[in-house]
Amino acid sequence: MRRNEEVALLLDNIAELLMLKNENPYRIRAYTTAAQNIRALDEDIEELARQGKLDEIPGVGKAIAAKIEEYLRTGRLEYYEQLKREVPLQAVDLLEVPGIGPARAHLLYEQLGITTIQDLLQAAQEHKLRKLPGFGEKLEERIAREAARLMQRSKRLLLGIALPVAEEVVAALRPHAAIRAIDPAGSLRRMKETIGDIDILVASDDPPAVVDAFVHLPFVKEVLAVGPTRPSILTREDLQVDLRVVRPHEYGSALLYFTGSKEHNIALRSFVQERGWKLSEYGLFDETGKLLASETEHEIYALLGMDWIPPELRENRGEIEAAREHRLPILVEQRDIRGDLHVHTDWSDGHEPLERMCEAARARGYEYLVISDHSPSLTVARGLSIERLREQRERIRELNERLAPFRILQGAEVNILSDGTLDYPDEILAELDLVIVSVHSAFDMPQERMTERVIRALANPHVDILGHPTGRLLTSRLPYEIDLDAVLDAAAHYGVAIEVNGQPDRLDLPDIWVQRAINRGILIACTSDAHSTRQLDNMRWSVATARRGWAEPRHVLNTRSLEELRTWLATHHRGAPAHRT
DNA sequence: GCCGTTTTCGGCCCGACTGTTTTCAGTCG
């Protein structure tokens with residue numbers, strides 16, 4: 001399999017250990033940059049190593065190339081082992097405590113032997129920290145507070161939870177007379193799958209009025225800070241929302257800055273700096289310090305000779321070069337989606353009847369809807385027997401007459417059994433309009449077997465879409481062990497589409513892999529995996545994830561009309577027929 | 001540790017805040 005991720009992880013670990021040693025920050029950055037570029041790489045790193053081309057990877061020079069080569073050849077890296085002997089790896093946890101960075105972490109484990117957050121809390125409570133050089137009473141108190149909070153912290157927020165809360169705040173404030181512009185910023189605006197903080201940016205000439213309105217919103221449970229331009233509240237759902245108020249003429253540069261990502265900002269500013277100019281949250285300035293632009297993001301990018309970069313792409317994965325060369329993708333939008341391809345009803349584990357799901361899909365302007373209830377072996381989800389599947393088909397036929405020209409297709413989400421065979425026989429699969437195959441059982445298989453299992457399923461000529469390919473659940477389950485590169489190669493070979501499942505805790509395929517799938521010519525299926533009419537809205541998160549993977553409408557299967565979809569279904573699979581007579 | 005149409009050395013994004021100091025290091029976003 002490809003070992004790019006493995007190598008990237010190694011380099012990230014080295015960077016963290018170097019941080020704990022309080023090493024030169026630029027040396028640390030060299031490792032994280034190299035790791036990032038290796039993750040974004042389309043080629044196999046082992047292949048590059050064989051060809052002696054490792055130092056052609058941006059950010060990889062002689063030293064890092066030699067380390068990668070040693071690791072790939074021997075399976076270990078002496079330099080890394082050495083570092084681990086010098087610095088306890090678990091002490092990297094200390095860096096998560098707000099107020100503790102490389103220097104203080106170094107001091108803590110070096111002077112007091114502290115390596116865990118629990119140790120840290122105890123030492124703070126025993127007033128051992130205030131004696132350290134550069135520490136004092138206040139810092140000790142803060143660290144105690146933050147460490148205690150971290151030990152009972154909630155995980156990162158799902159995009160699908162955080163963005164609706166942010167939008168509620170935005171909608172409540174927007175009509176206010178003092179507010180000229182307001183947007184969610186940060187990872188929320190970039191539609192990242194999980195969010196650290198909810199940040200909202202406001203343009204106003206009267207910051208105090210805005211702050212006052214914000215802290216008095218009806219759903220505010222607690223006011224955490226009331227700075228003149230940076231108030232912070234806790235909503236009744238216990239989510240922290242930070243507001244920042246800036247002057248209208250600085251809104252563009254502030255929005256650019258607060259949207260990030262950090263990596264995008266650094267790369268953009270390096271580019272600016274090479275021209276002798278300067279970019280900050282206050283604007284773009286020339287060599288004499290004269291303000292060139294600050295009011296809108298568009299102006300700033302334009303002065304740099306770039307197209308405006310959609311926030312979803314601002315991850316320093318090639319978007320800056322693409323913007324300069326005017327070859328940014330025209331990203332897929334929700335309004336491009338003509339139908340949903342993965343929906344459950346109360347025939348299996350959905351919560352609402354077939355009729356209501358279809359009517360709701362039609363009401364939101366779709367041309368078609370694929371009903372894809374579970375197959376029999378998923379008993380917990382009341383998977384459909386062959387008889388019930390045929391019974392459902394009759395109901396769909398009746399509904400199609402009533403709801404025309406809206407069209408319901410009968411599909412199924414068919415389990416990939418542990419040997420890679422499917423949960424309905426081929427003649428039943430042949431009767432279905434669309435077949436999604438997914439892994440729902442036997443998750444903890446060795447990687448090789450899991451990979452073979454899924455690839456075998458893709459070879460079945462009745463298969464149209466591979467569902468949630470990694471199986472991850474963002475809050476609760478790691479992806480199963482699978483060689484996704486091999487799976488994508490197989491999907492490309494057979495002409496099978498790959499799902500981007502829109503359930504907020506799935507978002508599976510993940511964004512980086514969407515890009516890799518597209519580069520292989522694989523079609524993406526944006527789906528809601530709705531189990532209720534409300535969850536049809538999950539399509540939004542699927543489209544957002546596809547956008548983060550640089551997907552254009554032409555890369556997405558369900559931007560096609562019903563007729564185009566049918567043509568594709570009839571012709572796309574390049575495998576041999578399953579049974580011949 | 002990387003990198004180079006001003007460079008193989010001397011840079012590496014920028015500004016604000018906090019708390020510890022007494023002019024600044026460390027952290028954060």
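Naming: A, B, ... by sequence-line order, numbering from 1 per chain.
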For residues 56-69 of chain A, tabulate all N or O donor-acceptor pairs below 3.5 Å that involve a side-chain atom, not counting sequence neighbours.
unit_1  : atom_1 : unit_2  : atom_2 : d
A/Lys67 : NZ     : A/Tyr31 : OH     : 3.4
A/Glu69 : OE2    : A/Arg73 : NH1    : 3.4

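Shown for residues 7-27 of chain A: residues whose heavy atoms fall under 4.0 angstrom of DNA chain B, namely A/Asn24, A/Tyr26, A/Arg27. Residues of residues 100-119 of chain A that place a heavy atom closer than 4.0 Å to DNA chain B, in numerical order, are A/Ile100, A/Gly101, A/Pro102, A/Ala103, A/Arg104. Listed in residue order, the members of residues 204-214 of chain A having a heavy atom less than 4.0 Å from DNA chain B come to none.
A donor-acceptor pair is defined here as one N or O able to donate and one able to accept, closer than 3.5 Å; no such pair exists between the side chain of A/Asn37 and the backbone of A/Ala34.
A/Lys278 has a side-chain polar atom (N or O) that falls below the 4.0 Å cut-off from OP1 or OP2 of B/dG15. Within the 4.0 Å cut-off from OP1 or OP2 of B/dG11, not a single side-chain nitrogen or oxygen of A/Gln273 is found.
Annotation: side chain to side chain donor-acceptor pair (under 3.5 Å) contacts of A/Gln515 (sequence neighbours excluded): none. Every residue was checked against the salt bridge (Lys or Arg N to Asp or Glu O under 4.0 Å) condition with A/Lys138, not counting sequence neighbours, and none meets it.
Taking atom P in both B/dG4 and B/dT8, one finds a spacing of 13 Å when rounded to whole Å. B/dT20 and B/dG26 are spaced 14 Å apart, taking the P atom of each and rounding to whole Å.
The listed nucleotides are B/dC2, B/dC13, B/dT20; the one nearest the side chain of A/Lys138 is B/dT20. Between B/dG1, B/dC14, B/dG15, one nucleotide has an atom nearer to the side chain of A/Tyr282 than all others, and that is B/dG15.
A/Tyr257 contributes no side-chain N or O that forms a donor-acceptor pair with the base of B/dG15 under 3.5 Å.
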